[in-house]
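Read through the structure below, which is laid out as structure tokens, and then see the notes.
First the proteins, then the strands, lettered A, B, ... as listed; each starts at 1.
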Amino acid sequence: MKKERNIMFDQVCLYLGQDLDSEPCKIIQEHLQVCDNCEIFVDKIKKTVKLYKTTNDCEQIPTQVTKKLFSVLNLDDLCPEGEDCDQKKHQH
Amino acid sequence: MSYPKVDYQDSTIQVSQKNRNEIMNEIEIVKLAVQGDRAAFAEIVKKYQGRIYNLGLRMTGNEQDAEDILQETFLSALQNIANFAMKSAIYTWLYRIAVNFGLKKLQHRKKQYGHIDIDDPDTDKLSHEALHDWPDFNERKVNDKHFQEKLNEAMMELPEKYRTVFILRDLHEVSTVDTAKILNITESNTKVRLMRARNFLKDKLEDMLSHEEL
């Protein structure tokens, strides 16, 4: 029984290394419906990932950091609208 | 934003018309940048600066390091863009450069974070999972600064090789194929690292939640 559980658990773990919303293996899905332990385990993993995603804004960057970057790259004149990166121009 | 999971040279992968237009538009911009067009290069910087900054921030946990990685990445890209062969997507190339700079930063600071081994989930522990389920996290909890700091601390405890996979796959939604290319590891290794990272963070969250109210 424990051996079977371990084999199934290995498969659940492989599933967990995939996209969580990908087309999952039918056997795993069927198993999750009848195994409370695995179902809760997978649910907790999903909630963990979702929590990290929710609290991380991949696109956010401080305005000053953008300004410096465009300046370092000598692209001041092409800085995003509203960033007012053309510091050199203003200084002269 | 999630990237279309497509290899530029693989026409067999189906993508939506909108994604196809986006890809075609980006290819044109990259072609111009490769030819030395400053405005085209600036477009690439605008599009990916946030993601590269975030990647550096999540890898190192330090704003100054993230800024350094951002500048080094785009300076290197600017110096080498003429040699970009367009065999992969531009973001894969940029991420690879950024990851390498991030790893260099971490090597310098290795003593600060030390190293811990993490293994596959413990099957004996699994039998206790059913004892307590988690409710959905409410908005107040998600926006709690202290809680967010704890989450970031937990992520920084992950060894770099697991953390980077987690950042790319789960936070930046990079495909398994591209993550493997960026990190120069196999796809199966990517999946194993991701599984271990997710499980490690779940356990950390479990510990955190056992000490406070949801």
Residues, nucleotides or ligands: over 12 heavy atoms within 6.0 Å of N184(B) CG: no
Distance in Å, [X] [atom1] paired with [Y] [atom2], rounded so as to fall on 0.5 Å steps:
X	Y	atom1	atom2	result
K44(A)	L201(B)	NZ	CG	14.5 Å
L151(B)	T54(A)	CG	OG1	10.0 Å
K202(B)	K46(A)	NZ	NZ	15.0 Å

Heavy-atom side-chain proximity of T48(A) to F200(B) below 4.5 angstrom: no
R198(B) side chain reached by V49(A) side chain, heavy atoms, under 4.5 Å: yes
D57(A): side-chain hydrogen bond (donor to acceptor under 3.5 Å, both in side chains) partners, not counting sequence neighbours: none
L205(B), part contacting chain A, at a heavy-atom distance under 4.5 Å: side chain
Part of L78(B) within contact of chain A (heavy atom distance under 4.5 Å): side chain
Looking at [X] and [Y], what are the two nearest heavy atoms and their distance?
X	Y	value
D170(B)	K53(A)	O-CE, 2.9 Å
A42(B)	L78(A)	CB-CB, 3.7 Å
Q49(B)	P80(A)	NE2-CG, 4.3 Å
Q60(A)	Y53(B)	O-CD2, 3.7 Å

Any pair counted as ring-ring contact (aromatic ring centres under 6.0 Å, His included), so long as it reaches residues 45-65 of chain A, sequence neighbours left out: Y52(A)-F166(B)
Top contributor to chain B interface from T55(A), N56(A), L73(A) [non-hydrogen pairs under 4.5 Å]: N56(A)
Any residue meeting salt bridge (Lys or Arg N to Asp or Glu O under 4.0 Å) with R38(B), in chain and number order, not counting sequence neighbours: D77(A)
Those residues of residues 68-76 of chain B, ordered by number, that approach chain A below 4.5 Å (heavy atom to heavy atom): L70(B), Q71(B), F74(B), L75(B)
